[in-house]
Novice: 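There's a structure below that I have some questions on.
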There are 2 protein chains.
Amino acid sequence: MATIKEIAKKAGVGVGTVSRYLNDHPYVSEDKRKKIQAAIDELDYTPSAIATQLRSQSTKNIGVLVSRLANPFFAELFDAIERKLNLYGYQVLVSQTHDDSAAEQRFLDQLKNHQVDGVILASVENHELVRSFAQAYPQKVILLNEENKYQDIQSVTLNHYQATFDALNYLFNQGNHHFVYITGGNYDVKSHGYSRTKAFQDFAKQHQLSINPDWIFSQKHTAADGQEIARNLIKNSKNTLPDAIFTNSDEVAIGLIDELQKNNISVPKDIAVMGYDDQPFARFAAVPLTTIRQPISAMANKAVNILLRSLTGQDVPENITNEDLKLKLIIRKSA
Amino acid sequence: MATIKEIAKKAGVGVGTVSRYLNDHPYVSEDKRKKIQAAIDELDYTPSAIATQLRSQSTKNIGVLVSRLANPFFAELFDAIERKLNLYGYQVLVSQTHDDSAAEQRFLDQLKNHQVDGVILASVENHELVRSFAQAYPQKVILLNEENKYQDIQSVTLNHYQATFDALNYLFNQGNHHFVYITGGNYDVKSHGYSRTKAFQDFAKQHQLSINPDWIFSQKHTAADGQEIARNLIKNSKNTLPDAIFTNSDEVAIGLIDELQKNNISVPKDIAVMGYDDQPFARFAAVPLTTIRQPISAMANKAVNILLRSLTGQDVPENITNEDLKLKLIIRKSA
DNA sequence: TCGTTTAATGGAATCGATTCCATGTATTAA
DNA sequence: TTAATACATGGAATCGATTCCATTAAACGA
């Protein structure tokens with residue numbers, strides 16, 4: 001590959017002049033412009049991004065971390081983020097954790113070794129780890145849709161507590177009192193998704209519902225997980241079945257419904273099922289899902305806006321309102 | 001951030017020694033090892049990946065190009081590719097074309113400017129463009145699941161022609177003779193997905209089916225597209241409706257079925273619908289999809305194997321057989 | 001004992017761009 | 001006419017690693 005030196009030589013000018021030409025600096029005569037461009041064309045020259053990055057100490061790369069891209073929610077989120085970042089000339093590097101905090105570590109290390117200028121974390125496994133990075137690089141890290149226990153980390157957060165509470169209320173008011181709760185995280189304070197779980201716990205307390213520990217499921221993500229839960233429920237609960245299931249993912253909901261119906265349990269008549277995300281597919285399910293819609297594109301845009309602003313100091317329009325970031329209960333057939 | 005120079009200074013050794021230590025070269029005394037490690041710990045040093053990349057002329061980054069990650073097929077494909085590449089210490093950069101060849105151009109330029117060591121193209125818009133890159137960097141480019149008109153480009157290809165032909169035969173043998181054909185590409189030779197289209201054309205010829213030009217749809221990808229097609233079909237075809245629809249995507253199939261049913265057209269009784277991909281969701285659709293399953297993980301592994309081998313010259317196990325790469329008709333309810 | 005490997009080490013050169021500095025010429029102001 | 005700016009340019013220094021080369025010390029063989 002040709003280098004800037006070769007271009008300079010071929011054009012009969014200094015490397016400085018070539019660089020100035022490439023970067024649209026003034027102070028390059030028309031005469032040399034032509035010669036330089038000719039040399040570039042002739043040698044099919046493209047500047048080495050790596051060299052530029054080293055010298056300029058900036059990569060124009062942003063890392064995005066999600067737990068699993070095969071989850072349509074994350075795929076759509078990534079899509080929105082990429083579109084927005086491309087607008088500003090950034091490339092995007094995605095990584096998936098698959099719930100593995102070692103993968104998260106490797107991802108974050110890219111900040112340290114300057115592979116990326118900043119990161120958007122749409123998933124966090126190890127809060128301590130993330131926090132230590134966020135403190136080391138406060139402008140370079142932003143949490144998206146994750147619990148933020150520490151005010152010192154930039155983040156865009158939605159009110160999942162309220163949305164979950166409202167959805168549970170909706171189920172309750174339909175006469176459901178025996179709940180199954182399924183989360184993608186763990187059923188404790190340190191887990192991601194805890195504000196939803198907290199809402200469930202508070203809700204149960206408020207209505208004095210007894211929580212059956214066998215009806216709490218953790219780290220469930222896929223339709224296959226949902227099917228398994230349904231089987232488990234049917235097998236273990238002898239004569240008592242729940243009357244409502246709150247999932248934290250449409251995928252799980254779909255698996256559940258499929259398996260329940262196969263066992264002649266009607267949704268929503270026998271059991272109501274509440275999804276989460278309003279994934280593209282939700283409306284097309286065998287029983288169209290009642291679910292909580294996340295405002296994906298608004299979330300993505302806001303996160304990118306904030307990150308770019310803090311990264312470059314330059315003014316990036318703030319055009320996302322709190323209204324745009326509202327979660328919304330979508331009522332279909334499953335509950 | 002600390003640099004290797006500062007480490008050298010703090011440890012009282014030369015930069016060469018530090019570098020040797022970092023890269024596990026022999027010829028570093030136990031004594032200095034300790035001092036260097038102490039300095040590294042104290043200054044929280046991490047080598048700059050950019051500098052290393054510049055010097056070593058290799059990035060350990062691979063680019064993956066897909067048309068749309070929100071398509072579950074591509075999301076799963078990406079997932080499989082990423083898992084495999086991580087195993088070998090590579091990072092992955094994804095880009096989406098969204099059918100825009102300018103995006104493809106930008107993506108490929110990363111090869112030229114050394115942002116990536118190689119690329120996997122699971123989608124191609126502009127064949128000429130891709131070919132010119134493939135010729136400039138023959139070992140660095142591999143096509144995955146795309147038409148390969150030129151034998152000079154590395155690729156892994158499946159027999160979509162045969163799979164499509166077989167699926168059409170299946171539909172035909174059920175008594176369907178009036179076909180709608182829907183592709184994600186264009187209905188011509190230059191388009192991606194043409195071997196499927198060719199199979200359809202040959203099939204029609206063989207059975208002397210008349211092709212209704214109003215029943216050919218191009219560049220359709222989403223469930224919304226499917227719904228629109230269904231509406232279009234119903235509105236325009238007065239008293240004649242097709243009896244079978246061959247789609248090139250489960251997503252489209254799902255939208256179709258939804259809209260047809262809303263109009264009291266029964267699937268598969270009135271119209272049979274054939275999907276493509278066997279996306280995770282296919283089995284959970286309102287009418288579980290009859291579709292053609294793509295061997296995603298085998299495809300991904302094979303592509304990565306070939307690419308890494310041609311990139312590094314080193315031996316990467318070839319453990320994917322042709323049997324693993326077979327497309328398979330999955331019969332459910334929609335046809 | 002002396003020549004020959006082997007082990008350790010420091011530091012300059014290098015990868016390919018950008019930017020600062022020095023220098024020179026042309027233009028304008030007074 | 002002269003001083004002050006503006007315009008153009010070449011090339012060295014720099015970003016932060018790796019690697020080659022030169023040098024020295026220790027171990028080895030005969």
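As the structure is a computational prediction, the values presented were derived from the model and not from experiment. Within every chain, numbering begins at 1; the chains are lettered A, B, ... in the order of the sequence lines, protein sequences first and strands thereafter.
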Novice: On a heavy-atom basis, which atom in B:Y45 and which in B:A2 lie closest, and how many Å separate them?
Specialist: CD1-O, 3.5 Å
Novice: Relative to the 5' end of DNA chain D, which residue comes earlier, A:D31 or A:V15, by the nucleotide with the nearest heavy atom?
Specialist: A:D31
Novice: Would you call A:D152-A:R131 a salt bridge at under 4.0 Å N-O?
Specialist: yes
Novice: Distance under 4.0 Å to a non-hydrogen atom of chain A counts as contact; along DNA chain D, which nucleotides mark the start and end?
Specialist: D:dC7 to D:dG16
Novice: Taking all heavy atoms of A:A70 and all of A:Q96, pick out the closest pair and write down the distance.
Specialist: N-OE1, 4.3 Å
Novice: Contact class for B:S56 (heavy atom, under 4.0 Å): base, sugar-phosphate, or nothing?
Specialist: nothing
Novice: Assign each of A:A49 and B:G14 to its nearest nucleotide of DNA chain C by heavy atoms, then name whichever residue's nucleotide is nearer the 5' end.
Specialist: B:G14
Novice: Output, in order, the C-alpha distance, side-chain angles, deciding distance and verdict of side-chain contact (heavy atoms from CB on, under 4.5 Å) for A:H114 and A:Q53.
Specialist: CA-CA 9 Å; A:H114 305 115; A:Q53 286 170 15; over 6 Å; no
Novice: Hey, does the side chain of A:S101 reach the backbone of A:E104 with a donor-acceptor pair shorter than 3.5 angstrom?
Specialist: no
Novice: Send over the distance from A:Y27 OH to C:dA26 C1', rounded to a whole Å.
Specialist: 13 Å
Novice: Using a 4.0 Å heavy-atom cut-off across all strands, classify B:Y21 as base, sugar-phosphate, or nothing.
Specialist: nothing
Novice: Categorize A:K5 for me: base, sugar-phosphate, or nothing, with a 4.0 angstrom heavy-atom threshold over every strand shown.
Specialist: nothing
Novice: Between A:K140 and A:D117, is any pair of side-chain heavy atoms under 4.5 Å apart?
Specialist: no
